[in-house]
Undergrad: 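Handing you a structure now.
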Number of protein chains: 2
Amino acid sequence: MKYHVTAKDVAKLAGVSQSSVSRVYFEGASVSNKTREKVLAAAKELGYRPNEFARSLITNRTKIIGLVMKGIHNPFYPEVLKQFTTAFNKLGYSILFVSTNNDEIQKEDIDMLRNYNVAGVIITDASLSLNVTEDFKENQVPLVLFNRKIDNDQFYSVCCNNLDASEKIAKYLIEKGCSKVAYIAGNANTSTSRDREKGFTSIIEKNNVTLNKYTSDYTYEGGYKTAKKIIAEKEVPEGIFVANDIMALGVVDALRENSIMIPAETKIVGFDNIEMASWPTYNLTTWEQPITKMVEQTVNYLMTEMVEFSGYTESVEVNGALIVRKTT
Amino acid sequence: MKYHVTAKDVAKLAGVSQSSVSRVYFEGASVSNKTREKVLAAAKELGYRPNEFARSLITNRTKIIGLVMKGIHNPFYPEVLKQFTTAFNKLGYSILFVSTNNDEIQKEDIDMLRNYNVAGVIITDASLSLNVTEDFKENQVPLVLFNRKIDNDQFYSVCCNNLDASEKIAKYLIEKGCSKVAYIAGNANTSTSRDREKGFTSIIEKNNVTLNKYTSDYTYEGGYKTAKKIIAEKEVPEGIFVANDIMALGVVDALRENSIMIPAETKIVGFDNIEMASWPTYNLTTWEQPITKMVEQTVNYLMTEMVEFSGYTESVEVNGALIVRKTT
DNA sequence: TTCGTTTTTGCATACGTATGCAAAATATCC
DNA sequence: GGATATTTTGCATACGTATGCAAAAACGAA
């Protein structure tokens with residue numbers, strides 16, 4: 001069976017006690033340089049690694065972050081995953097990854113995180129109800145909704161400024177001369193889609209512009225099908241705001257298949273600024289979500305709450321920017 | 001501070017001993033149905049969850065798989081991530097995620113996995129040297145190279161049949177009438193790129209077909225730049241085999257920008273069958289990597305080795321298939 | 001050198017759980 | 001009902017580590 005080098009083995013070789021070995025690995029503990037060097041030399045010789053489980057049992061803390069991700073297919077999220085991993089690794093934390101298909105997180109999705117006593121939880125692009133998270137709250141595990149918000153003041157969430165951004169996109173399309181526009185929504189009941197629609201709609205309605213709204217589902221196929229539907233209605237709008245980029249790319253492809261000139265006949269604006277948006281084939285005008293800032297904000301909140309849990313909640317919005325390319 | 005319900009609390013409420021509580025949660029342990037029901041009722045009432053760390057300390061085993069991923073940007077890998085997560089969750093295992101940029105895994109990349117006593121390790125699309133893995137081997141932690149192989153009989157690896165596939169792609173392009181072809185490689189020294197090149201080259205050289213080879217780096221930008229370079233050489237080949245899809249999409253875009261008709265003037269074949277390959281804009285002919293089978297093979301090997309470590313090594317190749325679309 | 005203060009160290013213990021072992025309880029057979 | 005076999009149970013212990021506390025050591029000032 002497996003043999004582990006323990007702190008006792010190191011202590012013996014270094015000629016100190018096990019608790020001195022422990023103190024060497026615990027930041028800020030009182031230990032002389034002489035002892036520290038002896039211990040580190042012995043540890044190196046023996047290939048010692050502290051056992052995180054034993055530590056966690058004593059300290060009742062871990063260096064594990066639970067990251068619950070829906071929609072890893074959307075190219076926006078691999079980038080989010082990468083940045084979270086990098087940021088937390090630098091801080092000595094590891095990522096326990098959970099993938100889900102559910103728009104609303106179910107208890108089964110994340111119960112496992114409690115077995116591992118995770119230090120914090122991040123949930124991307126999915127909502128969840130209070131009863132699913134009450135255990136986390138009771139156990140003072142901070143939780144962040146990333147790119148999703150719930151309007152009940154019970155969570156900490158980090159989003160792009162969807163409302164403001166969508167208002168700006170509406171104004172931009174109006175400035176570009178559109179008098180008839182469409183909005184293609186993402187998954188029903190998601191805060192991102194709702195806010196993007198709300199912002200866009202509020203400006204359009206204040207101006208002499210016609211608006212049709214369509215529902216879709218934040219996938220390439222959804223965008224493609226919806227555009228086909230719009231085309232079938234025979235009055236293709238001059239401007240289309242699509243709730244996210246991956247959908248927008250489907251819209252672009254469908255319009256092209258029907259020889260609709262972009263942007264001459266119809267201008268397209270997406271949301272996210274995924275990698276593919278900049279590809280020459282698409283060159284999509286889009287609202288850039290400030291991933292790095294959003295990740296930073298999330299990491300800062302968690303690091304603060306993990307040190308001293310206050311349970312404070314807030315809906316944080318980070319400003320993005322309009323990236324103008326060839327679809328408008 | 002946090003309060004945990006322990007097995008002792010459950011035992012007290014259920015009127016049994018702590019070890020009976022433990023036996024209820026341990027598969028196959030001897031416990032009467034009467035005791036089991038009492039314990040489960042008490043556990044439910046108190047919201048008890050077994051502490052994985054305490055368990056691991058005793059059993060010296062975990063239900064954690066370390067998944068080390070390079071290149072999460074390539075749409076091939078989010079799908080791999082999702083399938084691994086789903087498969088292992090079903091088996092009661094969790095994924096500890098590590099992201100790396102290194103073609104060759106460094107010790108720092110995965111040392112942390114040892115602190116968590118992971119039950120198994122999967123490394124996607126990266127190589128590593130023996131000295132990085134010797135601790136894992138000594139500690140009988142099985143490790144799988146996914147979509148990468150190293151020709152030294154020291155690892156278990158799971159790949160697509162790159163050699164065979166590339167031979168078939170070469171034959172296919174020859175059948176399509178190509179007398180001048182090019183191969184665009186992925187990252188230098190990767191088994192996937194090397195085998196794809198080897199297979200392609202071996203068939204091309206046996207036939208009266210001209211071949212030019214180019215190096216690139218498995219990114220869209222790499223494909224785009226290399227195609228630009230090919231175009232600048234003024235003799236655009238009739239067929240181009242691109243070592244992976246994301247690169248191939250860049251090649252397609254570059255050719256189009258230069259009004260080169262695909263497939264009339266130049267046929268393009270990629271490798272992977274990522275989601276974007278099927279988009280109408282690209283409709284890329286490609287070799288489909290059998291992700292599901294490859295994931296399955298990996299999971300089976302790990303489940304076997306984790307139960308009883310044998311350390312056996314093999315290079316497993318899973319058959320993919322040619323998907324013919326509009327670029328050829 | 002002595003004394004007071006500060007730092008370092010080791011001892012003993014506990015964290016929550018699984019498990020070896022022996023005792024207790026239950027089941028089966030005559 | 002008694003003897004035997006089997007199953008279940010609780011006790012005591014250990015896993016590897018951090019930590020409270022008191023003792024020992026080190027440091028600095030007079």
Side-chain angles (χ1 to χ4, degrees), chain A residues 1-40 42-43 46-64 92 112 114-119 139, chain B residues 1-40 42-43 46-64 92 112 114-119 139:
Chain A
M1 196 59 215
K2 306 184 194 183
Y3 163 66
H4 283 295
V5 178
T6 72
K8 281 183 187 171
D9 303 317
V10 174
K12 195 167 184 180
L13 183 62
V16 299
S17 70
Q18 179 268 319
S19 65
S20 287
V21 172
S22 181
R23 273 189 279 259
V24 168
Y25 286 91
F26 182 62
E27 282 281 336
S30 178
V31 63
S32 71
N33 282 331
K34 184 178 169 186
T35 299
R36 183 185 298 277
E37 281 161 17
K38 281 197 290 186
V39 167
L40 290 175
L46 295 174
Y48 171 71
R49 305 280 314 182
N51 183 318
E52 285 296 319
F53 300 121
R55 297 186 120 187
S56 169
L57 203 48
I58 297 288
T59 61
N60 208 13
R61 290 169 182 273
T62 68
K63 292 286 185 76
I64 302 178
M112 171 276 293
R114 285 194 37 232
N115 289 16
Y116 287 105
N117 199 12
V118 290
N139 286 285
Chain B
M1 198 54 214
K2 304 184 196 184
Y3 164 66
H4 284 298
V5 177
T6 71
K8 280 182 189 173
D9 302 319
V10 175
K12 195 167 185 179
L13 184 62
V16 300
S17 71
Q18 179 266 319
S19 64
S20 285
V21 173
S22 180
R23 270 188 279 259
V24 169
Y25 287 90
F26 181 62
E27 282 282 333
S30 179
V31 63
S32 70
N33 282 331
K34 185 179 169 188
T35 298
R36 183 184 299 276
E37 281 163 15
K38 281 196 293 185
V39 166
L40 290 175
L46 294 174
Y48 170 71
R49 305 282 312 184
N51 183 317
E52 285 296 321
F53 300 120
R55 294 187 125 188
S56 170
L57 202 50
I58 296 288
T59 62
N60 208 12
R61 289 170 181 272
T62 68
K63 290 287 186 72
I64 302 177
M112 171 273 293
R114 283 194 38 231
N115 289 17
Y116 286 105
N117 198 12
V118 291
N139 285 284

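Being a predicted model, the structure only gives us computed values, none of them experimental.
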Undergrad: If only side-chain N and O atoms of Tyr48(B) are considered, is one of them under 4.0 Å from the OP1 or OP2 phosphate oxygen of dT17(C)?
TA: yes

Undergrad: Can you name the residues that form a side-chain contact (heavy atoms from CB on, under 4.5 Å) with Arg49(A), not counting sequence neighbours?
TA: Asp111(B), Arg114(B), Asn115(B)

Undergrad: What is the distance, to the nearest angstrom, from the CG atom on Leu57(B) to the P atom on dA14(D)?
TA: 14 Å

Undergrad: Rounded to the nearest angstrom, tell me the gap between atom CG in Asn115(B) and atom P in dG16(D).
TA: 14 Å

Undergrad: Round to the nearest Å and state the distance from Lys12(B) atom NZ to dC11(D) atom P.
TA: 14 Å

Undergrad: List in chain and number order the residues that pass side-chain contact (heavy atoms from CB on, under 4.5 Å) with Ile58(B), two or more places apart in sequence or in another chain; answer none if no residue qualifies.
TA: none

Undergrad: For every nucleotide of nucleotides 5-10 of chain D, 5' to 3': is a protein heavy atom under 4.0 Å from its base (B), only from its sugar-phosphate (S), or from neither (-)?
TA: --SBBB

Undergrad: Give a yes or no answer on whether the side chain of Thr59(A) reaches the backbone of Arg55(A) with a donor-acceptor pair at less than 3.5 Å.
TA: yes

Undergrad: In whole Å, what is the span from the NZ atom of Lys63(A) to the P atom of dT17(D)?
TA: 15 Å

Undergrad: Within this structure, what is the CD1-to-C1' distance between Ile58(B) and dT17(C), rounded to whole angstrom?
TA: 5 Å

Undergrad: For Phe26(B), answer base if it contacts any base atom (sugar-phosphate contacts may also be present), sugar-phosphate if it contacts only those atoms, and nothing otherwise; contact means non-hydrogen atoms under 4.0 Å.
TA: sugar-phosphate

Undergrad: Arg114(B) CZ to dG16(D) P: how many Å, rounded?
TA: 14 Å

Undergrad: Roughly, in whole Å, what's the span from OH in Tyr116(B) to P in dG16(D)?
TA: 18 Å

Undergrad: Please state how far atom NZ in Lys8(B) lies from atom P in dG16(C), giving the value in whole angstrom units.
TA: 8 Å

Undergrad: Which residues satisfy the salt bridge (charged side-chain N to carboxylate O under 4.0 Å, His left out) test with Arg23(B), sequence neighbours excluded?
TA: none

Undergrad: With sequence neighbours left out, write down each residue that passes side-chain contact (heavy atoms from CB on, under 4.5 Å) with Thr35(A), or none if nothing qualifies.
TA: Val16(A), Ser20(A), Val31(A), Ser32(A), Val39(A)

Undergrad: What residues form a side-chain contact (heavy atoms from CB on, under 4.5 Å) with Ile64(B), not counting sequence neighbours?
TA: Phe53(A), Tyr116(A), Thr62(B), Leu96(B), Val118(B)

